[in-house]
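Working notes for the structure below.
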Amino acid sequence: MTPHATPPPTRTPAPEPPTGVEELVQRHVRDVWRYLRTLGARPEHADDLAQEAFLVALRRGAAELAPAATATFLRRTARFLFLHHLRDR
């Protein structure tokens, strides 16, 4: 190696794969949010209700289910939360 040789380029580390929670949210958040909007939730309420649905799903272990069962659980939970929201208004 000569004294004026340039060092090899450094590689940027690859991004870490998503965790179970991140993957769960990435996979289902758009569908849950759209479902809530279809039910009639305002965008800001759909955001909050979707977050709450994911919290319930994580507490109840829905992340361990098959993807289709998890999606069903999230939609049912989102619907329940939306109806509860309507009753409380």
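- Arg37 CZ: more than 12 foreign heavy atoms inside a 6.0 Å radius.
- Side-chain contact between Trp33 and Leu49 is absent, with no heavy-atom pair separated by less than 4.5 Å.
- The heavy-atom pair separating Ala78 from Leu36 by the smallest distance is O-CD2, 3.5 Å.
- The nearest pair of heavy atoms linking Pro67 to His28 is O-CE1, 3.5 Å.
- Taken to the nearest 0.5 Å, the CD atom of Gln51 stands 7.0 Å off from the CG atom of Asp47.
- Residues Ala57 and Leu74 come closest through the heavy atom pair CB-CD2, 3.6 Å.
- The backbone N or O of Ala62 sits less than 3.5 Å from a side-chain atom of Thr70, completing a donor-acceptor pair.
- Between Tyr35 and Arg79, the shortest heavy-atom distance links the atoms OH-CD, 3.5 Å.
- Nearest heavy-atom pair across Ala53 and Leu81 is N-CD1, 3.5 Å.
- Using a 4.5 Å cut-off between side-chain heavy atoms of Ile, Leu, Val, Met, Phe, Trp and Tyr, with links allowed through other members, Phe54 and Val56 fall into different hydrophobic clusters.
- Taking hydrophobic clusters as Ile, Leu, Val, Met, Phe, Trp and Tyr residues chained together by side-chain heavy-atom distances below 4.5 Å, Phe80 shares a cluster with Leu58.
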Apply side-chain contact (heavy atoms from CB on, under 4.5 Å) to Thr77 and Val32, showing your working. CA-CA 10 Å; Thr77 302; Val32 172; over 6 Å; no
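- Residues Phe82 and Leu39 come closest through the heavy atom pair CE2-O, 3.4 Å.
- In the hydrophobic clustering of this structure, Leu24 does not group with Leu55; members are Ile, Leu, Val, Met, Phe, Trp, Tyr whose side-chain heavy atoms approach within less than 4.5 Å, directly or through other members.
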